[in-house]
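One structure below.
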Protein chains: 2
Amino acid sequence: MEEACVRKSEMDKVGVSVKFGRNETIYSKGDEARYSYKVIEGAVRLSRIFADGRRQIVNFFLPDETFGIELSEEYTSTAEAVGDVLALRCPRLCIAQLTEGHPDIGQKRLAMLSKSLAAAEQHVAMLGHQSAKERVASFFLALEMQRRTEIERTLDLPLSRQDIADYLGLTIETTCRALSELKRQRIIEAPSRRRIVIRDLAGLQAIAEGGA
Amino acid sequence: MEEACVRKSEMDKVGVSVKFGRNETIYSKGDEARYSYKVIEGAVRLSRIFADGRRQIVNFFLPDETFGIELSEEYTSTAEAVGDVLALRCPRLCIAQLTEGHPDIGQKRLAMLSKSLAAAEQHVAMLGHQSAKERVASFFLALEMQRRTEIERTLDLPLSRQDIADYLGLTIETTCRALSELKRQRIIEAPSRRRIVIRDLAGLQAIAEGGA
DNA sequence: CGGCATGTTGAAACGTTTCAACGAGAGTGG
DNA sequence: CCACTCTCGTTGAAACGTTTCAACATGCCG
């Protein structure tokens with residue numbers, strides 16, 4: 001634990017802060033994978049765009065999470081700033097060098113990849129068999145698990161409805177309807193565009209698990 | 001490259017062969033993650049089962065692929081033998097020990113995780129926005145890419161229709177209809193239950209990318 | 001050759017998407 | 001500070017694709 005902090009700060013040392021504006025592209029699919037990043041502030045979305053213009057968001061990254069660690073030479077997805085983003089950028093090579101001296105940094109990368117994989121498998125499970133309402137419920141539940149807001153049961157999402165829809169594999173309209181349905185059932189409240197209050201956590205869980 | 005082989009054989013040394021019969025469970029979600037495995041022969045499916053009884057297959061593993069490397073203490077999915085399976089089983093601890101001595105084995109794990117992650121993201125992209133026919137086409141295309149059969153453009157899948165459906169996030173019937181549609185278009189042939197011949201690779205690609 | 005699991009097809013029910021219109025909120029300039 | 005505008009979010013109705021339920025075909029094994 002203690003040592004991990006030492007290592008972390010070493011990693012932080014080699015990185016430089018970079019800023020990105022709302023919707024700015026951090027890197028594109030196919031670019032040479034020169035850097036990996038750690039979110040300091042804001043949110044980043046990892047997505048793929050298809051021939052038909054539709055977009056699938058593969059993952060979101062919130063403060064303290066790392067993204068852009070690729071094993072291949074090129075980035076396999078596109079990363080964009082959801083809102084304004086502050087991030088730490090580390091050259092790939094530096095990481096490789098650090099890894100040699102301190103094999104435990106390899107453990108960190110492993111842990112990070114492992115976490116991404118678990119998230120991706122969860123995502124697959126969701127897209128594979130859940131209804132629109134269940135997806136929205138699962139999504140909020142997952143956010144609640146790693147809530148960043150101090151206020152109990154309040155989610156401050158920097159995401160637009162379109163972002164949510166693209167993550168859930170739904171249209172914006174369907175997402176909206178599912179949201180409205182949850183509001184009608186008094187399971188959530190939406191006091192403002194980007195704020196969700198969970199009024200009935202158990203109810204939300206029941207829905208996420210196919211209880212309605 | 002050459003060194004990789006050395007390492008590989010070292011890894012093989014600490015493992016023991018184990019056999020599993022058709023549909024046998026190799027490990028269940030929640031079990032203590034004691035071992036990781038490498039497929040020698042046959043195919044393994046990694047899946048999650050839901051409260052409603054439905055199943056989502058998250059990944060398949062074919063000969064030479066490794067699975068069961070978890071960072072957490074428990075397996076997060078269930079692994080089952082699709083047909084008869086021969087596999088190499090390595091205790092988790094041994095791997096950890098090996099890793100210490102030879103940091104490059106860590107690289108192997110990293111590579112393996114990275115590959116799984118790429119596959120999972122591809123899977124998410126598919127489930128998120130492709131139609132039934134597009135999914136089936138993409139699936140065959142992916143299999144063609146890593147074909148194990150010697151015969152050109154012939155896929156020998158050990159999977160049942162149910163397995164395919166559960167991977168594609170569709171019902172068995174929809175999968176079947178999509179298959180029949182592809183047959184009707186003379187893009188594929190299905191000479192036997194578990195054999196698919198691709199007659200028009202370009203056509204298949206076109207469909208997978210939303211060309212029809 | 002029967003019997004049983006697996007695969008295939010059809011028709012109605014269901015949920016999501018599409019297209020279209022409307023509402024609400026945030027930011028700008030008067 | 002209000003009004004305007006523009007983007008974003010919400011709702012409705014018809015079209016579409018997938019699922020469901022049911023029947024039937026096929027192939028495999030004893």
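In this text, all values refer to a predicted model and were calculated from it rather than measured experimentally. Below, read A as the first sequence line, B as the second, and so on, with proteins coming before strands; counting in each chain starts at 1.
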Self-check item: Protein-to-nucleotide contact annotation, 5' to 3' order, nucleotides 23-30 of chain D [B base; S sugar-phosphate only; - none; under 4.0 Å, heavy atom]
Solution: ---BS---
Regarding [X] and [Y], do their side chains bring together a donor and an acceptor under 3.5 Å, going by distance alone?
{"X": "A:S114", "Y": "B:E70", "answer": "no"}
{"X": "B:S77", "Y": "B:R48", "answer": "yes"}
{"X": "A:T25", "Y": "A:S28", "answer": "no"}

Practice problem: Indicate yes or no for a side-chain donor-acceptor contact from B:D166 to the backbone of B:Q56 under 3.5 Å, with no hydrogens or angles considered. | Solution: no
Quiz item: Which two nucleotides bound the region of DNA chain C that has atoms under 4.0 Å from heavy atoms of chain A, read 5' to 3'?
Solution: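 Using the under 4.0 Å cut-off, the span is C:dT16 to C:dG25.
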Self-check item: Member of B:D163, B:T78, B:N59 meeting the side-chain hydrogen bond (donor to acceptor under 3.5 Å, both in side chains) criterion with B:R45
Solution: B:D163
Self-check item: Contact summary for B:G15 and B:C90, nearest pair of heavy atoms
Solution: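 So the minimum-distance heavy-atom pair works out to CA-SG, 3.9 Å.
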Exercise. Mind listing the residues from residues 157-174 of chain A sitting with a heavy atom below 4.0 Å of DNA chain D? Number order is fine.
Key: A:S160, A:R161, A:E173
Self-check item: NZ or CZ of B:R89 within 45° of B:Y37 ring axis and under 6.0 Å
Solution: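 That pair does not qualify as a cation-pi contact.
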Quiz item: What does B:R194 touch in the nucleic acid at a heavy-atom separation under 4.0 angstrom: a base, only the sugar-phosphate, or nothing?
Solution: sugar-phosphate
Quiz item: Base, sugar-phosphate, or nothing: which does A:R184 touch, judged by heavy atoms less than 4.0 Å apart?
Solution: nothing
Self-check item: Ion pair check, A:K29 and A:E74, cut-off under 4.0 Å
Solution: no
Exercise. Please determine if B:R92 and B:E73 form a salt bridge, counting it only when a charged side-chain N lies under 4.0 Å from a carboxylate O.
Key: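 Salt bridge: yes.
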Practice problem: Anything under 30° is parallel, anything over 60° is perpendicular, the rest tilted; go ahead and classify B:F139 against B:F60. | Solution: tilted
